[in-house]
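Heavy atoms only: backbone and side chains are in, while hydrogens, waters and symmetry mates are out.
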Amino acid sequence: MSFVDTLRQWDEAVTCVDRQDFTEALRIFLSIQEPNSKICFDIGCLHLLNKDLDAAEKAFDCSISKDGHLAVAFFQRGIIFYKKQRYEECLADFQHSFKALRGNQLIDYKALGLRHKLYACEILNNMALAEAQMDHWEEAQKNLLKALNYKTETKLTIIDKALQSTLKQRLFRLVEFPSKELFKPNKHYVAELERKDYLGKAKVVASVIPQDDFSGFAPLQPQVDNGPAHPKEPEVLRALEGEPHTVLYEFVPATSDELAVVPGNIVFVLQKGSDNWASVVFNGRKGLVPYNYLQHLEISLDSKQMKEGSEPRSREPPNRPKRNKGLTPGETGNGDVQSEDAPSADNPCIIKVYHTFTFAFLLTPGAPYATLIDKISKKLNVSSNSITLSLTLDTSGHSRIDADTDMESVWSQADHGRITMWCYITEQNMAKPQHEIQYVALHSYESSNREDLNFNQGDTITLLCKVNEDWLEGQCNGQTGIFPAAFVEEAPVNGQ
């Protein structure tokens with residue numbers, strides 16, 4: 001049996017153990033013709049689960065004969081000898097297991113495919129128990145005192161309880177190996193068992209349209225004497241997915257699932273929806289295109305037939321059809337198509353405000369004027385009566401927003417969930433805040449970022465808001481921006 005076959009059966013058997021199907025796992029293990037020491041160990045563990053001590057002993061004998069340094073195999077066979085009341089052989093196997101640790105506290109078998117750690121203190125515990133079964137209580141105590149030098153925090157209570165039992169000359173608990181834990185094959189070797197396609201999938205690099213000016217050169221034509229009047233259609237044409245169509249008008253996508261095409265492109269229609277939208281493939285990419293932008297194309301080996309069959313079209317493209325359920329990803333729960341531009345209660349609208357500086361915040365669509373003006377007044381730290389809002393640079397006319405404005409008309413101006421406004425402060429009504437906080441610059445700060453506030457050492461900066469622990473926003477010399485908090489300190493109030 002080859003190494004690959006052994007590896008495959010080993011992986012199948014371990015998978016059966018993970019499914020708790022121990023009978024099938026044992027059958028697969030026993031069918032392996034040349035098992036290694038790890039597989040023999042796994043077979044012994046399954047026999048031990050079935051309480052077949054004789055078969056388990058033979059399996060561990062085979063594992064030890066193939067690897068005389070496998071400490072965990074000696075440990076398992078020692079447990080079998082203990083259960084068979086063969087205490088001298090049990091003690092010898094535990095001694096071999098302890099010797100294989102070479103003075104270390106433990107052996108971690110994870111690198112070999114077994115999720116288990118064999119501790120030296122556990123082996124000494126079982127050695128002491130075998131001595132106790134033969135009434136060698138002094139030797140049992142010596143082994144347990146020796147185990148204290150190899151103990152770990154998790155295993156400390158086991159040794160302490162065993163010592164207390166030996167003082168009273170009472171037997172204590174045997175530390176056993178979890179028999180459901182098996183050696184598993186190397187996962188990298190298992191991954192290589194799957195077949196790989198090193199050649200990859202074929203890709204068409206030439207146009208299927210003969211003498212196509214847009215896509216490239218014409219395919220090869222049959223070169224035979226006395227050939228048929230109409231050459232045979234190439235096999236590639238029948239292998240293509242979808243119906244071929246030519247693009248009549250340029251289409252600019254409005255959403256991420258739509259596909260950009262220009263006149264002359266050849267696309268293949270995979271599905272046509274009832275809303276006059278088609279799912280197409282173009283240059284290996286899939287997307288949606290209005291079907292009334294396309295014209296069905298009969299692919300033949302005579303390019304003149306295509307040109308004669310096409311009718312002249314106007315330069316103006318048809319209207320963009322509405323997208324219904326089926327090909328449309330952005331639909332509501334009741335099946336209705338939701339407009340992309342119209343904000344909803346679930347999607348807050350972004351309000352961008354131009355002032356001496358620019359800021360933005362989120363607001364629920366349909367909110368009243370009082371909520372809007374309150375947000376802006378808190379941001380600017382001024383009275384709401386001194387604020388004038390407008391949808392344009394000009395504050396006169398219908399673009400002005402005040403308490404008498406119909407807010408439904410304002411929210412209808414949202415474009416992709418965004419509204420831009422201009423904010424002006426009436427100077428005669430603008431009052432200086434009662435608790436104005438000012439900072440003094442400890443160092444000069446210069447930045448090329450437009451959002452940052454530049455100042456010199458000793459300048460006084462009026463605080464507008466605290467961005468976070470490291471950055472502040474303020475005004476200085478008629479400019480507004482953010483600046484690092486480490487560059488300033490708070491100015492004393494009234495000279496204090």
Heavy-atom closest contact ([X] atom, [Y] atom, distance):
| X | Y | result |
| --- | --- | --- |
| V14 | P185 | CG2-CD, 4.2 Å |
| L259 | R285 | CD1-NH1, 3.0 Å |
| I351 | M421 | CG2-SD, 4.1 Å |
| C349 | R418 | SG-N, 4.0 Å |
| A71 | S97 | O-OG, 3.1 Å |
| A25 | A13 | CB-O, 3.4 Å |

Look up atom [atom1] in [X] and atom [atom2] in [Y], then write down how far apart they are to the nearest 0.5 Å.
| X | Y | atom1 | atom2 | answer |
| --- | --- | --- | --- | --- |
| L70 | S37 | CG | OG | 5.5 Å |
| L112 | L114 | CG | CG | 8.0 Å |
| L101 | I123 | CG | CD1 | 4.5 Å |
| Y293 | H245 | OH | NE2 | 16.0 Å |
| D42 | F29 | CG | CZ | 4.0 Å |
| R400 | T392 | CZ | OG1 | 11.5 Å |

With heavy-atom distances below 4.5 Å as the criterion, would you say the side chains of [X] and [Y] are in contact?
| X | Y | result |
| --- | --- | --- |
| N125 | L144 | yes |
| T6 | I39 | yes |
| F282 | V289 | no |
| I425 | V382 | yes |
| L294 | V247 | yes |
| D67 | H69 | yes |
| W411 | T364 | no |
| T255 | L288 | no |

Working for side chain to side chain contact (heavy atoms under 4.5 Å, CB included), residues I158 and R173: CA-CA 9 Å; I158 298 176; R173 185 173 64 87; 4.0 Å; yes
Start with the C-alpha distance between L389 and W422, add both sets of side-chain angles, then the distance that settles side chain to side chain contact (heavy atoms under 4.5 Å, CB included), and finish with yes or no. CA-CA 6 Å; L389 297 178; W422 278 260; over 6 Å; no
Between E122 and K117 (salt bridge meaning N to carboxylate O under 4.0 Å), is one present in this structure?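 Salt bridge flag = no for K117 with E122.
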So among T388, I401, V353, which one has a side-chain contact (heavy atoms from CB on, under 4.5 Å) with C423?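 The side-chain contact (heavy atoms from CB on, under 4.5 Å) with C423 is passed solely by V353 among T388, I401, V353.
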Per the ring-ring contact (aromatic ring centres under 6.0 Å, His included) rule, which among F41, F75, Y119 passes with F177?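 With F177 as partner, F41, F75, Y119 yield a single ring-ring contact (aromatic ring centres under 6.0 Å, His included), made by F41.
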Could you give the side-chain donor-acceptor pairs of residues 453-470 under 3.5 Å, partners two or more places apart or in another chain?
{"from": "N454", "atom 1": "OD1", "to": "S447", "atom 2": "N", "distance (Å)": "2.9"}
{"from": "Q457", "atom 1": "NE2", "to": "L442", "atom 2": "O", "distance (Å)": "3.4"}
{"from": "D459", "atom 1": "OD2", "to": "N456", "atom 2": "N", "distance (Å)": "2.9"}
{"from": "N468", "atom 1": "OD1", "to": "D470", "atom 2": "N", "distance (Å)": "2.9"}
{"from": "N468", "atom 1": "OD1", "to": "W471", "atom 2": "N", "distance (Å)": "2.8"}

Can you confirm whether more than 12 heavy atoms, excluding those of E12, are under 6.0 Å from its CD atom?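 Above 12, so yes.
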Answer yes or no: does atom CD of Q20 have more than 12 heavy-atom neighbours from other residues, nucleotides or ligands under 6.0 Å?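 It does: Q20 CD has more than 12 such atoms within range.
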Between Y150 and F98, is the ring centre distance below 6.0 Å?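 Yes.
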Between Y445 and F483, does the ring centroid distance fall short of 6.0 Å?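 Centroid distance Y445-F483: not below 6.0 Å, so no.
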What verdict does the salt bridge (Lys or Arg N to Asp or Glu O under 4.0 Å) test give for K378 and D374, after you've listed the backbone C-alpha separation in whole Å, the side-chain angles of each residue and the deciding distance to 0.1 Å? CA-CA 6 Å; K378 289 182 179 179; D374 182 63; 3.4 Å; yes
Any donor and acceptor pair, going by atom type alone, linking the side chain of [X] with main-chain N or O of [Y] inside 3.5 Å?
| X | Y | result |
| --- | --- | --- |
| Y109 | V72 | yes |
| S377 | S383 | no |
| D275 | W277 | yes |

Before you tell me yes or no, could you show the steps for R8 and D11 under salt bridge (Lys or Arg N to Asp or Glu O under 4.0 Å), namely the whole-Å CA-CA distance, both residues' side-chain angles and the distance that decides it to 0.1 Å? CA-CA 5 Å; R8 182 177 287 107; D11 181 60; over 6 Å; no
Checking E24 now: which residues fulfil side-chain hydrogen bond (donor to acceptor under 3.5 Å, both in side chains) with it, not counting sequence neighbours?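 Listed in chain order: R27.
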Does either side chain, that of D402 or that of T405, offer a donor lying less than 3.5 Å from an acceptor on the other one?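 Yes.
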